Each structure stands twice: as C-alpha cells, then as structure tokens.
Amino acid sequence: MQPTQPLAGHTPGSQRNVLRGAIFIMATSSIGPAFLTQTSLFTEKYLASFAFAILISLLIDIGAQLNIWRVITVANLRGQDVANRVLPGIGHLISAFIVLGGIAFNIGNIGGAGLAMNVIFGIPPILGSLIAAVLIIAIFMLRNAKRIMDGLMQLFGLVMLCMIGYAMLQSNPPLQDVLLRSIQPDDPLILLLPIVTLVGGTVGGYISFSGGHRLVEAGITGVENVGVVTRAAVTGILTTGVVRICLFLAALGVVSQGLTLDPSNPAASVFAHAMGTVGYKVFGVVLLAASLSSVIGAAYTSVSFMYSLHPSIRTHNQRVVIVFIACSTLIYSLVGQPVKVLVVAGALNALVLPLALGCILWAAKKPSIVGKDYQHPHWMLAFGVLAIVATAVGVGLSFNSLLQFWQS
C-alpha cells in the first residue's frame, strides 16, 4: 500500500524525484555501450525470433528485481548487509565481485563516452573520455550531487528512448512477424544463450541493486512502502525493456531490408542505415547518454557496496565515487581496455546475481531480517529461483570458453 504522506525529510515532490531517480538509475545503468552492441548483434543473428528472447528475459528480470528491491527496502539494509545476515562474510565476497566488475565495466563505459565524443565532435577518444570523466566528477563535487544525479538519469533515459524510438520508426520494422515470433520463435532452444545473456546484462552485477540502494539511502523503506517500491521496480525493468524493444525493432527494420551491420560497430550502422548521414551523429548522442549514465550508475552502486567495510566510506561517499571514476578513467587512458581483464571481471560479476539473489530469497523468509509483519509472495520466490537458474546456466555455459580465452 502507498503511504498516505511523504516520509520525514521528504516533500511529495522530492519523494517522487527520488523514486524516478531510482527507476532511471537502474534502467539507464543497464543501457550502456554493451547493451547497444549486444542488442544489435543478436537482432542480426536471430531476426524476429529475438523478440521471444526479449520477452522471456523481461519476465525473469521483473522477478529478480521485485525480490531484491522489496527485501532490501523492507529490511532497510543494503544488499551486502542482507547477505551478511544470511551467512556472515558472504556479503563482503559479493561486494568484492561487484566492485571489481564495476571498475571493469566503467573502463568500458569511459571508453564508450570517449568514442561518443569522437562521433559527435570529432575529438580523439582519449581526450573525449577525459572530458566526460571531468564533467561527471564535477557533478559529484557539488553538495546536492545525488539530487542532480537523479535528474540526470531521468534526462539520459528520455534522450535514449526518444532517439532510439525515432530510429525505430524510420526503419519500418516488420511488426506482424515480430508479434508472431515473440510467441512462436523459429527454434526456442537456440535462444537459451541470448536469454541468459540478456538477463545477466540487465540485472546482473551491481545493476539489480542500484535502484534499491538509492531507495534505502533516501529512507523509502519499510512494509508501508512495499507498494511504492514494487511499482518502481517493475517500472525500471519495463523502461529498460521498452528501450531494448525499440532498438531491436530499429535493427530488425534495417536487416529485413537486406542491409548488413558493420561488425566493428553494429549499433552505429543501425542508426546510419535508418536515418541516413545524420544517423551517425544521433548514434553518438545515444552512446554518450548510455555511457555517462552507466558510469554514474556503476560508480554510485559499487561504492554503496563498500559502506560496510568502514564507516568513513559512507561519510565521504561522494569523494570515494570521484576516486572510483578517476581510477577507471586513468586505467582507460594509460592501458586502454585490457580485454582479458575485462572479460574475466565481467564473468566473475556474473556470479553475483545467483549468489546475491539466493541470499535475498533466503532472507525473504526470515522474520529476523524482514520483520514479522512482512509476508513475501510465493510466486515472487518462484520468479527469483527462475532468475537464479537462468544466470547459473549462463555462468556454467561460459566457464569453459572463458578458461580457453584466458589461456589463449
């Protein structure tokens, strides 16, 4: 049920802004450079049948997010603290994976911002990444940084949605075929890996906790706010889903015309084919919004997982976020994107969702954590188990190829 009045310290407007910020920090954090590339490549490979993978992954994502957001807000604890209550020490392990993955992803996100600056303004990517990092660091140096962050995440999300939606309309996708294949794909079994990949990319690692941690920090917690939190979690996933569907339809409209995507930059080719010469610049704007929002989301959420290590991290969290972003930028500027390290860090981060979500589901049935007045729905537990199985299968399928990649 929705509270009849705003929480202490919140006006109705500020509470709505925090809720929207939580929704968009989750949604835009998952829409990074990898999201754009991944969706374009999968669309070219699986064509209209990819709609089935998107639909199934969306249902699993909603189940995972609902479990995580509800439990951590009802318990008024961050994800790592819930895990430590379930099994002492496991929360610190999860935090280590998330921080490692957050740095790895942020190196890629900073690289994406540099590429976007190159596309839009023609400046060298390294210089573009430095400019982007300085702008983000400047935001976190302000006293009301979190309020500005909430607003920026909403702005970035709307920019991406509008521009990708316009590209979709211009590409004229075969909608009837998409509707049919979304429930009758050509071969459901070959879509297992894309489904697992989409789930991991949308709610894996830090992403699944980003919005929930923002609500905990803002004090939107307790049983009385379960309804608000539930709607926010579902809205966040649906926002991500709408953006992915629009990009999928834009790419499908392009490849259905017999055009091929550039394997070195498939997402850029979607915009170029759909919108002509201006499409490449539009792609640059979308990539910049995706990269900047992912940098902010990864840094903010990764640092929130470090709070339990020492009280001073929480006290000086904005400074720690700045150091986090600066380190990622420095690594990218000096080393570039160390492929093996990034791939392995990403694979380790894939372990986070089944491990962390398992702790969340266990905690959901422990009154000592969520309180005696809270009853967690059984159907939601079932969705959570499905998300664990899907991501665990993905980790298992990728382990051998990861080992071969590291040894190559």
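We number each residue from 1, following the sequence as shown. Everything numeric in this text was worked out from a predicted model, so none of it was measured.
Between atom CG of residue Leu130 and atom CG of residue Leu330 there is a gap of 9.5 Å, rounded to the nearest 0.5 Å. Here the OG1 atom belonging to Thr221 is positioned 4.0 Å from the CG atom belonging to Asn76, to the nearest 0.5 angstrom. Atom-to-atom distance recorded for Ile207:CD1 and Ile98:CD1 is 10.0 Å, nearest 0.5 angstrom. Atoms CD1 and CG, from Ile137 and Leu142 in turn, are 12.5 Å apart once rounded to the nearest 0.5 Å. Rounding to the nearest 0.5 Å gives a distance of 7.0 Å between CD1 of Ile237 and CG of Leu58. In this structure, OG on Ser256 lies 6.5 Å from CG on Leu47, to the nearest 0.5 angstrom.
Judged by distance alone, with hydrogens and angles left aside, the side-chain atoms of Gln65 form no donor-acceptor pair with the main-chain N or O of Ala233 at under 3.5 Å. At distances below 3.5 Å, at least one donor-acceptor pair connects side-chain atoms of His273 with backbone N or O atoms of Thr260. Using a distance-only test at 3.5 Å, with no hydrogens or angles considered, no donor-acceptor pair links the side chain of Ser29 to the main chain of Met26. Side chain of Ser269 to backbone of Asp262: a donor-acceptor contact under 3.5 angstrom is found. Looking at Ser49, its side chain does come within 3.5 Å of a backbone N or O of Asp186 through a donor-acceptor pair. At distances below 3.5 Å, at least one donor-acceptor pair connects side-chain atoms of Asn109 with backbone N or O atoms of Phe105. No donor-acceptor distance shorter than 3.5 angstrom exists from the side chain of Asn172 to the backbone of Gly253, with no hydrogens or angles considered. Side-chain atoms of Ser293 come within 3.5 Å of backbone N or O of Ala290 as a donor-acceptor pair. Ser182 contributes a side-chain N or O that, together with a main-chain N or O of Leu179, makes up a donor-acceptor pair within less than 3.5 Å.
For Asp373, the CG atom counts as loosely surrounded, since its 6.0 Å shell holds 12 or fewer non-hydrogen atoms of other residues, nucleotides or ligands. The number of heavy-atom neighbours closer than 6.0 Å to NZ of Lys365, taken from other residues, nucleotides and ligands shown, is above 12.
At a threshold of 4.5 Å between non-hydrogen side-chain atoms, the residues Leu77 and Val216 do not count as touching.
Residues Phe305 and Phe209 place their aromatic rings such that the two centres sit under 6.0 Å apart. For Phe50 and Phe248, the ring centers sit closer than 6.0 Å to each other.
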Walk me through whether Gln38 and Arg244 qualify under side-chain contact (heavy atoms from CB on, under 4.5 Å). CA-CA 10 Å; Gln38 182 189 80; Arg244 192 185 290 277; 3.4 Å; yes
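Pairing each heavy atom of Ala83 with each of Ile90, the nearest pair is O-CG2, 3.0 Å. Listed here is the closest heavy atom pair of Pro125 and Leu115: CB-N, 4.3 Å. Of all heavy-atom pairs between Val82 and Ala363, the closest is CG1-CB, 3.5 Å. Of all non-hydrogen atoms in Phe283 and Ala267, the two that sit nearest each other are CE1-CB, 3.7 Å. Heavy atoms only, all atoms of each residue included: Ala298 and Asn106 are closest at CB-OD1, 3.4 Å. Nearest heavy-atom pair across Val119 and Lys281 is O-NZ, 2.9 Å.
Counting only N and O atoms by type, the side chains of Arg78 and Ser304 include no donor and acceptor under 3.5 Å apart.
Taking the charged nitrogens against the carboxylate oxygens, Asp150 and Arg20 have no contact shorter than 4.0 Å, which rules out a salt bridge. A salt bridge between Arg85 and Asp81 is absent, with no side-chain N of the basic residue lying under 4.0 Å from a carboxylate O of the acidic one.
Ring pair Tyr374/His376 is tilted by interplanar angle, where 30° to 60° counts as tilted.
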